[in-house]
Protein chains: 2
Amino acid sequence: MADLIEVMRAKGMRVTAARRRIIAALTHLGHATPDAVAAAVATDGGPDLPSSTIYRSLDALEELGFVSHTHLDHRAPTYHLAAHADHVHLVCLGCGAIDQMPSAAAQDLVALMQRERGFRADVTHMAIHGWCVDCEAAR
Amino acid sequence: MADLIEVMRAKGMRVTAARRRIIAALTHLGHATPDAVAAAVATDGGPDLPSSTIYRSLDALEELGFVSHTHLDHRAPTYHLAAHADHVHLVCLGCGAIDQMPSAAAQDLVALMQRERGFRADVTHMAIHGWCVDCEAAR
DNA sequence: TTGAATGCAAAAAATTTGCATATTG
DNA sequence: CAATATGCAAATTTTTTGCATTCAA
């Protein structure tokens, strides 16, 4: 996190209280929707943050590369720190359960995309939808 | 599509004009946001469909398994017919370009998830984010 | 006939924007 | 001091819901 602060400054981006609190919330939550981030910072002792600040901060941090997001469920974008242990999400379409596997599981796919398309994929936190053992059995 | 109609009836689901038009729009468009579907049906000669009907129909068709959706970009869910040629989407975080590769490219990953977690993944139309050759070169 | 879907209007969510003010570097 | 970010209010955009009416089977 110390380096995150460094990079923010290096990029001319300001290290404000709001951003520190949002980063702290993400660190603590792991993954969170903008709404969940708002709820989290609301309980850290500081004043509530308007949603505009939440959105703008997440965007800024994402542009910087320290935060990214995926769509785990139907509607909400889920943000997380890039430094957060990287894994892919196995989202069950039946019960909604979310399992994880190390991103390395996708290394062959990544290599293939690189080789055939010159595409440098970021499969960190990628969401893969399907059916978990239990729901699959029930079908 | 004939079988789609059959299955709809078999499931006790009704084959209405609205649904036929929405299916036709998806067939024609390939991928489309609810908004794009609305725009498409608005030009097929019939009356405009209220967004509530668009949403409810897409949900119903998705539940049936004939339609599914992914999140290609930041905000909009993109729907497509399950029968639509299956591929994974390579979405560039830089320029937004969307390339495709056959879903088979992910077969190793699918096998791994199956083997280690009993998870039956549907990688059809899965979105993979990253950087295309050009944007990567520009970084 | 009768349950399923539609259409419409209104409500609820989610996200974005403008602008004056406060803060950071 | 100058540029950047915040806070707040308002506007957009997107999605959902209730309910009377219509339609498919």
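Residue numbers begin at 1 in each chain, while the letters A, B, ... track the order of the sequences. In this text the structure is predicted, and so the values were computed from the model without any measurement.
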When you look at Thr33(B) and Asp35(B), which way does the side chain to side chain donor-acceptor pair (under 3.5 Å) test go after all the steps? CA-CA 5 Å; Thr33(B) 59; Asp35(B) 197 54; 5.1 Å; no

Walk me through whether His87(A) and His31(A) qualify under ring-ring contact (aromatic ring centres under 6.0 Å, His included). CA-CA 12 Å; His87(A) 47 249; His31(A) 306 93; 5.4 Å; yes

Apply the test side-chain contact (heavy atoms from CB on, under 4.5 Å) to residues Arg19(B) and Met8(B): give CA-CA distance (whole Å), side-chain angles for both, the deciding distance (0.1 Å), then the verdict. CA-CA 10 Å; Arg19(B) 288 175 177 172; Met8(B) 285 175 72; 3.8 Å; yes

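A straight line from CG of Asp59(A) to P of dT6(D) spans 12 Å, rounded to a whole angstrom. dA24(D) atom P lies 9 Å from atom CZ of Arg20(B), rounded to whole Å. Rounded to a whole Å, the CG atom of Leu58(A) is 13 Å from the C1' atom of dA14(C). In this structure, Asp73(B) places its CG atom 15 Å from C1' of dT16(C), rounding to the nearest Å. Taking atom CD1 of residue Ile54(A) and atom P of nucleotide dA5(D), one finds them 16 Å apart after rounding to whole Å. For Glu6(A) and dT24(C), the CD to C1' distance is 15 Å, given to the nearest whole Å. In this structure, Glu63(A) atom CD and dT4(D) atom C1' are separated by 14 Å, rounded to whole Å. As a whole-Å value, the separation of Arg9(A) CZ from dT23(C) C1' is 13 Å.
Both Pro77(B) and Val15(B) lie close to DNA chain D; mapped to their nearest nucleotides by heavy-atom distance, the more 5′-ward contact belongs to Pro77(B).
Proximity of Tyr55(A) to the phosphate of dT16(C): no side-chain N or O atom is located under 4.0 Å from OP1 or OP2.
Between Asp73(A) and Val91(A), every side-chain heavy-atom pair lies at or beyond the 4.5 Å cut-off.
When atom types are taken as modelled, the side chain of His71(A) and the backbone of His74(B) share a donor-acceptor pair closer than 3.5 angstrom.
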Nucleotide by nucleotide, 5' to 3', does protein get under 4.0 Å of the base (B), only the sugar-phosphate (S), or neither (-) in nucleotides 2-13 of chain C, counting heavy atoms? -BSSBBB-----

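Side-chain contact annotation: His84(B) with His125(B), donor-acceptor N/O pair under 3.5 Å present.
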